[in-house]
> 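Sharing a structure with you now.
Order of appearance sets the numbers: ligands from 1, and atoms from 1 within every ligand.
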Amino acid sequence: MTAESATTENTTTAVDGAAAGGALVELDNVSKYYGNIRALEGVSLEVHAGGISCVLGDNGAGKSTLIKIIAGLHRHDAGDFLIDGEKTVLASPREALDRGIATVYQDLAVVPLMPVWRNFFLGSEPTRGLGPFRRLDVALMRETTRAALLRMGIDLRDVDQPIGTLSGGERQCVAIARAVHFGAKVLVLDEPTAALGVKQSGVVLKYVAAARDAGLGVVLITHNPHHAFLVGDRFTMLKRGIMSGSHTKDSITLDELTREMAGGSELAELSHELERATGDTELERAEGDTGLERAEGDTS
Ligand code: ATP
């Protein structure tokens with residue numbers, strides 16, 4: 001693939017069409033408008049069990065809109081949204097969850113002062129006893145949380161600590177383990193590494209891969225091509241709401257993905273503009289110096 005084709009809007013390389021039948025979730029030519037604002041137009045995406053589909057795009061590319069459609073928050077205006085091959089319009093996030101689609105947002109909806117295990121079960125707390133003797137089953141929640149985290153390879157010191165005391169990366173990992181534990185088939189991750197340093201990003205990506213290895217289909221939203229390339233096997237590029245590229249891992253290199261993400265020709269244009277601006281500034285400075293010398297000369 002050439003850099004030129006990688007940066008052309010609306011140009012897509014064919015993504016393995018034969019696999020379409022097995023997609024857990026598929027968007028086919030999906031569009032979404034907010035009034036006359038085009039948030040998404042003609043976007044296609046496939047999510048397969050045991051696969052990671054990455055959605056890459058800069059600010060305003062339409063990533064959040066895409067998540068909202070898959071998560072059941074917004075309805076698409078055109079195209080098809082299929083779950084297990086069946087055309088679907090989700091009525092609510094609850095319905096998305098019931099259909100096995102779990103979404104982990106960047107600002108994880110946790111209660112910081114509550115222990116890790118309490119957050120793990122938030123909204124789905126097991127109880128024991130009957131009638132007036134019904135109580136939260138704290139021991140079960142604690143033990144299950146510990147075991148579920150360990151199964152994903154997450155060894156937290158203490159599941160009793162308030163979740164607010166965990167690092168951002170650890171909290172993301174708990175959220176991923178939670179989705180796996182509650183039986184999600186599709187896991188949508190909204191820029192899970194955006195606010196993290198290099199090391200923590202690596203840890204989170206490890207658990208993203210662990211979710212894939214557990215058989216889930218993962219949608220990884222990111223603006224970082226390096227993170228996407230490390231774990232992803234399909235890449236959908238969005239640019240101002242339009243799909244500017246769609247690739248499988250074997251059809252693109254990290255360099256090409258990075259160049260495409262950076263905007264290729266746009267980046268070259270910016271570099272020229274910067275050179276020009278730097279040149280102008282130096283010229284002005286040189287003229288300023290001469291003027292100053294002249295002014296100093298006048299007063300003497
Ligand atoms: P960012 O990374 O900055 O959050 P994004 O890729 O998630 O960007 P979206 O938030 O999906 O992009 O926005 C895509 C376009 O749709 C933008 O032009 C945005 O202004 C517009 N948009 C998003 N939500 C709405 C809304 N509720 N009403 C009107 N326009 C909207």
> Considering only non-hydrogen protein atoms, determine which one is nearest to atom 2 (O) of ligand 1 and report residue, atom name and distance to 0.1 Å.
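Going by distance alone, atom 2 (O) of ligand 1 is nearest to K63 NZ, 3.0 Å.
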> For G60 and ligand 1, answer yes if some heavy atom of the residue is under 4.0 Å from a ligand atom, otherwise no.
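Under 4.0 Å: yes for G60.
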> What protein heavy atom sits nearest atom 23 (C) of ligand 1, and how far off is it?
Y34 CE1, 3.4 Å
> Are G62 and ligand 1 in contact, using a heavy-atom cut-off of under 4.0 Å?
yes
> In the protein, what heavy atom is nearest to atom 3 (O) of ligand 1, and what distance, to one decimal place, separates them?
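Answer, as residue, atom name and distance: N59 ND2, 3.0 Å.
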> At less than 4.0 angstrom from any non-hydrogen atom of A61, what atoms of ligand 1 do you find?
5 (P), 6 (O), 12 (O)
> Whether R128 and D137 form a salt bridge (side-chain N of Lys/Arg under 4.0 Å from carboxylate O of Asp/Glu) is what I want to check.
yes
> Show me which atoms of ligand 1 lie under 4.0 Å from any heavy atom of S64.
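Close to S64: 4 (O), 5 (P), 7 (O), 10 (O), 11 (O).
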> Please list the nearest protein heavy atom to atom 21 (C) of ligand 1 with its residue and the distance rounded to 0.1 Å.
I37 CG2, 4.0 Å
> Determine whether the side chain, the backbone, both or neither of T65 has a heavy atom under 4.0 Å from any heavy atom of ligand 1.
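Both backbone and side chain of T65 come within 4.0 Å of ligand 1.
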> Side chains of T253 and D255: donor-acceptor distance under 3.5 Å anywhere?
no
> Is any side-chain heavy atom of E46 closer than 4.5 Å to a side-chain heavy atom of V25?
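Contact flag for E46/V25 side chains = no.
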> With a cut-off of 4.0 Å, which atoms of ligand 1 are near a heavy atom of D58?
6 (O)
> Before we go on, tell me: are the rings of Y34 and H74 under 6.0 Å apart, centre to centre?
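Centroid distance Y34-H74: below 6.0 Å, so yes.
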